[in-house]
Amino acid sequence: MVRGLHLSALLLCATAVHAQAPEAHDHAAHQRAAPPADPSPVVVPLDAAARATLTRHTVEATAHGQTLRCEGVSLAALLQSSGAMPDAPLRGAHLDRYVLVSARDGYRAVFSLGELDATLGNRGVYLVDRCDGAPLDADNGPLRLLVPDDTRPARGVRQVERITIIAAP
Ligand SMILES: Nc1nc2c(c(=O)[nH]1)N[C@H]1C(S)=C(S)[C@@H](COP(=O)(O)O)O[C@H]1N2
Ligand SMILES: [Mo]
């Protein structure tokens with residue numbers, strides 16, 4: 001009797017699953033199962049712990065006739081380690097995103113994620129914490145950007161306060 005009950009329950013289950021199976025393959029059901037888009041905006045951690053595990057680069061950049069020799073991390077690597085930028089060639093889901101870098105004095109500059117992707121713009125952008133052998137002073141640091149391949153140094157944001165990834169509206 002118990003066996004009999006079990007068997008009918010199983011049969012009922014199997015019937016129910018079978019009845020739903022075609023819907024699982026239809027387009028609407030497939031779209032509902034898609035993972036949600038990454039959140040926006042995302043504030044990227046800049047603290048020493050967030051930067052400690054990343055490769056350090058030596059970067060030279062010239063501003064107003066003066067060449068700085070600095071050390072720091074790649075902005076793309078920092079964004080990737082935060083999880084906010086995929087560590088793979090970017091596709092449409094991330095090509096409408098940009099990085100807003102804001103300074104304590106209100107200065108701001110943006111970069112697109114596509115500009116930073118090594119397989120697209122491949123623009124080297126670095127977040128540095130030491131120049132010419134010393135930590136950056138309060139006018140320049142403690143963190144600044146350097147963009148050695150920009151023709152002018154205007155996006156070398158000093159006094160970096162916040163880095164945010166934003167999906168274009
Ligand atoms: N926070 C902040 N960063 C800034 C600026 C600024 O006004 N504020 N000026 C930019 C411009 S226009 C230039 S040319 C470079 C100058 O870099 P330097 O101070 O190393 O010469 O800094 C850039 N970074
Ligand atoms: Mo400038």
Side-chain angles (χ1 to χ4, degrees), residues 30-169:
H30 184 72
Q31 284 200 330
R32 276 198 301 278
D38 286 358
S40 168
V42 173
V43 176
V44 177
L46 304 180
D47 54 278
R51 291 178 284 116
T53 56
L54 304 177
T55 303
R56 285 184 70 82
H57 300 266
T58 299
V59 190
E60 283 191 4
T62 302
H64 305 138
Q66 196 200 354
T67 298
L68 293 169
R69 188 180 168 84
C70 304
E71 290 168 48
V73 301
S74 142
L75 178 60
L78 183 73
L79 304 180
Q80 287 165 345
S81 77
S82 80
M85 175 176 174
D87 188 8
L90 296 185
R91 297 182 173 278
H94 292 92
L95 293 176
D96 67 353
R97 286 173 186 246
Y98 61 93
V99 183
L100 174 63
V101 182
S102 322
R104 291 195 306 282
D105 64 356
Y107 196 79
R108 305 196 296 173
V110 302
F111 301 84
S112 67
L113 282 194
E115 184 180 9
L116 302 179
D117 180 341
T119 70
L120 294 170
N122 195 27
R123 175 63 86 213
V125 181
Y126 298 90
L127 184 67
V128 304
D129 57 6
R130 294 177 69 82
C131 289
D132 297 332
L136 291 170
D137 62 24
D139 278 348
N140 295 301
L143 296 172
R144 79 168 290 172
L145 285 195
L146 286 182
V147 194
D149 293 337
D150 271 2
T151 304
R152 291 189 301 115
R155 293 197 292 180
V157 179
R158 294 183 266 104
Q159 307 179 7
V160 170
E161 180 172 57
R162 183 179 288 253
I163 298 183
T164 311
I165 300 183
I166 302 166

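Read the numbers this way: they start at 1 and go in the same order the structure lists the ligands and their atoms.
Heavy-atom proximity to A103, at under 4.0 Å, picks out these atoms of ligand 1: 1 (N). Within ligand 1, the atoms closer than 4.0 Å to a non-hydrogen atom of A63 are 17 (O), 18 (P), 20 (O), 21 (O), numbered from 1 in the order shown. Atom numbering of ligand 1 starts at 1 in the shown order; those under 4.0 Å from a heavy atom of A154 are 10 (C), 11 (C), 12 (S), 13 (C), 23 (C).
R130 contributes no side-chain N or O that, together with a main-chain N or O of G72, makes up a donor-acceptor pair within less than 3.5 Å. Using a distance-only test at 3.5 Å, with no hydrogens or angles considered, no donor-acceptor pair links the side chain of E71 to the main chain of D129. No donor-acceptor pair under 3.5 Å is formed between the side chain of D150 and the backbone N or O of P153. With R155 contributing its side chain and V110 its backbone, the two residues share a donor-acceptor pair below 3.5 Å. R51 places no side-chain N or O within donor-acceptor distance of the main-chain N or O of L78, the cut-off being under 3.5 Å. In this structure, R104 contributes its side chain and G141 its backbone to a donor-acceptor pair below 3.5 Å.
The residue from H64, R152, Q159 that puts a heavy atom closest to atom 14 (S) of ligand 1 is H64.
Scanning all protein heavy atoms for the shortest distance to atom 23 (C) of ligand 1 gives G156 O, 3.4 Å. Atom 12 (S) of ligand 1 has as its closest protein heavy atom Y107 OH, 3.5 Å. Of all protein heavy atoms, the one closest to atom 1 (N) of ligand 1 is R158 O, 2.9 Å. D105 OD2, 2.8 Å is the protein heavy atom nearest to atom 8 (N) of ligand 1. With hydrogens left out, the protein atom closest to atom 17 (O) of ligand 1 is R144 NH2, 3.5 Å, a heavy atom.
Using a 4.0 Å cut-off between heavy atoms, R104 makes no contact with ligand 1 at all. Using a 4.0 Å cut-off between heavy atoms, P153 contacts ligand 1 through both its backbone and its side chain.
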The test is side chain to side chain contact (heavy atoms under 4.5 Å, CB included); show your working for H94 and D38 and say whether it passes. CA-CA 9 Å; H94 292 92; D38 286 358; 2.8 Å; yes

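To the nearest 0.5 Å, atoms CG (L90) and CG (L113) are separated by 6.0 Å.
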